[in-house]
Asks: 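Can you read through this structure? Questions will come right after.
Counting starts at 1 for both ligands and their atoms, in listed order. As the structure is a prediction and not an experimental result, all values here were calculated from the model.
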Amino acid sequence: MGQHKNKLKRIGFSSSFGILAATLGSAVGLGNIWKFPYLTGANGGAGFLLVYLLATLLVGLPVMIAEIALGRQAKANPISAFEALSPKRQPWWLIGAAGMLAAFLILSFYSEVVAWVFAYVVKAISGSILSSDRHVTEAAFNALISDPLQSLLWQWAVLLFIGGILLLGVTKGIEALTKKLMPLLFALLLLLCMVSLTLDKAAEGLAFLFNPDFSKITASVVLTAVGLAFFKLSVGMGTMMTYGSYFRDDQDISLTTLRVMGADLCVSMLAGIAIFPAVFTFGFAPGAGPALVFITIPAVFSQIPMGQLLMVLFFVLAAVAATGAMLSLMEVPVVIFHERFGLSRPRATLLTIVLLAGLGSSCALTNSTLEDFKLFGMTMFDLFDFVSSNILLPAGGIFIALFVGWVWGIDNFRKAVTNQGMLANETTARIVFFLLRYVTPVLVLVVMLKGLKLF
Ligand code: TRP
């Protein structure tokens, strides 16, 4: 199966800016606005940030370049791409299959966080959450997540919404949306930072974010930072391979990747600077966990004129950013169902949505009906997050790096990164290849073994 199906007509991204916008749209999402701040808060601040930065440069960036290069070369979904590029009877396609599993696990909890964002748009409009009193904002968040019906319905609304966009197709759906609204999100975050920096305890918040305390860095914290680096760049499970398959042949892969990484980092830092001064000023706990952003952001908006209106805008834009990321996650199973199982795109999309509505509900009900249902001591929400970010993505990263470093080889990689010699990226190609061949696999393996206490 598969070979002839790979030749199904594929629609690619239409312009160079479109490619950048869509790739950025995948990278920037709740990973930046929600996950990054709460993990940084829970893991001690600046020390975590530093490890995360190193992980992004040494591991995330090379794997992202590798994925896009492989995807563009094979012009196929991750499973077929590995099949096409690897020697006969070597099961590298399993990376693609594991990626599909990762996509479902991530989407299950991600769609619930997007559901909170959607619900917060409505709450922001009604004005009920605009307060600097932490008891008010905490109670509002808890009321939402502990209500099973609200959690479920919002999640299913999100899934329907995303499914609708996907049915419009790659170029129209993804490009059009991300292109227009990303700059606006950036501007609003900038405004939030300026407000936050005028708060009483701004200095304390900044010190938390920028003065490292290495005593908090344990092996499992390092693994979490590596997992976050993968998660934020959307790498380790085939999303970037799939997007790479839509890249044009004249696109500069390493430059695009570098820009995406830079912009992604900026958005995260802005989110951090917007949130931590407020955390300290209004007496929130930095380690509040997944609730952090939802309880803190309203407090910042309560400090400015037109705060309510701007807060509505903020959550709408967060929803847009999250939508771009979710679209890219869903693209992986949809394309696999389409190209490997012969389903039409609409059917593949529907199947994905239905599967997610089922699997995802276990995450939606994590704070209510299924509160006491735990595996390995974790709720389904935490378990799916842990398994995807701390196991599947890093493991995917290791194998993708090994594949490029030892199977695909320097010649193919160099041709991909220099566009067959058209670009002067020779040195970049060599450095990244060296990282992929030796550094990334070893580093991530050691971090995983230590972090999971297997060694
Ligand atoms: N990077 C996105 C974010 O920060 C989430 C995401 C999209 C993702 N596609 C992915 C994470 C693929 C891991 C793998 O919100």
Asks: Verify the ring-centre separation between Phe434 and Tyr438: is it less than 6.0 angstrom?
Replies: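 Yes, close enough.
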Asks: Under 6.0 Å between the ring centres of Phe118 and Trp156?
Replies: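 No - the distance between ring centres of Phe118 and Trp156 does not fall below the 6.0 Å cut-off.
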Asks: Any chance you could lay out the side-chain hydrogen bond (donor to acceptor under 3.5 Å, both in side chains) test for Ser80 and Arg340, step after step, and finish with the verdict?
Replies: CA-CA 8 Å; Ser80 305; Arg340 299 289 304 197; 3.1 Å; yes
Asks: Please identify which atoms of ligand 1 are closer than 4.0 Å to at least one heavy atom of Met237.
Replies: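 The atoms of ligand 1 under 4.0 Å from a heavy atom of Met237 are 12 (C), 14 (C).
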Asks: Checking Asn419 against Asp249 for the side-chain hydrogen bond (donor to acceptor under 3.5 Å, both in side chains) test, could you report, in this order, the C-alpha distance in whole Å, the side-chain angles of both residues, the deciding distance, and whether it holds?
Replies: CA-CA 7 Å; Asn419 291 351; Asp249 288 330; over 6 Å; no
Asks: What residue and atom, counting heavy atoms only, is the protein's closest point to atom 15 (O) of ligand 1, and at what distance?
Replies: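 Of every protein heavy atom, Tyr110 OH, 2.5 Å lies nearest to atom 15 (O) of ligand 1.
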Asks: Could you check whether any heavy atom of Phe36 sits closer than 4.0 Å to an atom of ligand 1, since that is the contact criterion I want to use?
Replies: no
Asks: Taking heavy atoms and a distance under 4.0 Å, where does Asp264 meet ligand 1: side chain, backbone, both or neither?
Replies: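 Neither part.
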Asks: As an exercise, identify every atom of ligand 1 less than 4.0 angstrom from a heavy atom of Gly29.
Replies: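 Taking each heavy atom of Gly29 in turn, ligand 1 has 3 (C), 4 (O), 15 (O) under 4.0 Å.
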Asks: What residue and atom, counting heavy atoms only, is the protein's closest point to atom 7 (C) of ligand 1, and at what distance?
Replies: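 Scanning the protein heavy atoms, the shortest distance from atom 7 (C) of ligand 1 goes to Ser234 OG, 3.3 Å.
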Asks: For Lys232, take its heavy atoms, then give the atoms of ligand 1 lying under 4.0 Å from any of them.
Replies: 1 (N), 4 (O)
Asks: Do ligand 1 and Leu30 have nitrogen or oxygen atoms that lie under 3.5 Å from each other?
Replies: yes
Asks: For ligand 1, which is the ligand I care about here, please tell me if Gly31 has any N or O atom under 3.5 Å from one of the ligand's N or O atoms.
Replies: yes
Asks: Are the aromatic rings of Phe109 and Phe384 close, with centres under 6.0 Å apart?
Replies: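 Judged by ring-centre distance (under 6.0 Å), Phe109 and Phe384 do not meet the cut-off.
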Asks: Which heavy-atom pair separates Pro298 from Val293 by the least distance, and what is that distance?
Replies: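 What the structure gives for the nearest pair is CD-O, 4.1 Å.
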Asks: What atoms of ligand 1 come closer than 4.0 angstrom to any heavy atom of Ala27?
Replies: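 In order of numbering, the contacting atoms are 1 (N), 2 (C), 3 (C), 4 (O).
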Asks: Show me which atoms of ligand 1 lie under 4.0 Å from any heavy atom of Ser328.
Replies: 7 (C), 9 (N)
Asks: Looking only at protein heavy atoms, which one is nearest to atom 1 (N) of ligand 1, and how far off is it?
Replies: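 Protein heavy atom at minimum distance: Phe231 O, 2.8 Å.
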Asks: State, yes or no, whether a side-chain contact exists between Ile275 and Ile297 at a heavy-atom distance under 4.5 Å.
Replies: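 In short, these two side chains touch, coming nearer than 4.5 Å.
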Asks: A side-chain contact here means heavy atoms from C-beta on lying under 4.5 Å apart; do Leu383 and Thr379 qualify?
Replies: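 Heavy-atom side-chain distance check fails, nothing below 4.5 Å.
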Asks: For atom 2 (C) of ligand 1, what is the closest protein heavy atom, and at what distance to 0.1 Å?
Replies: Ser26 O, 3.2 Å
Asks: Hey, do the aromatic rings of Tyr120 and Phe314 have their centres closer than 6.0 Å?
Replies: no
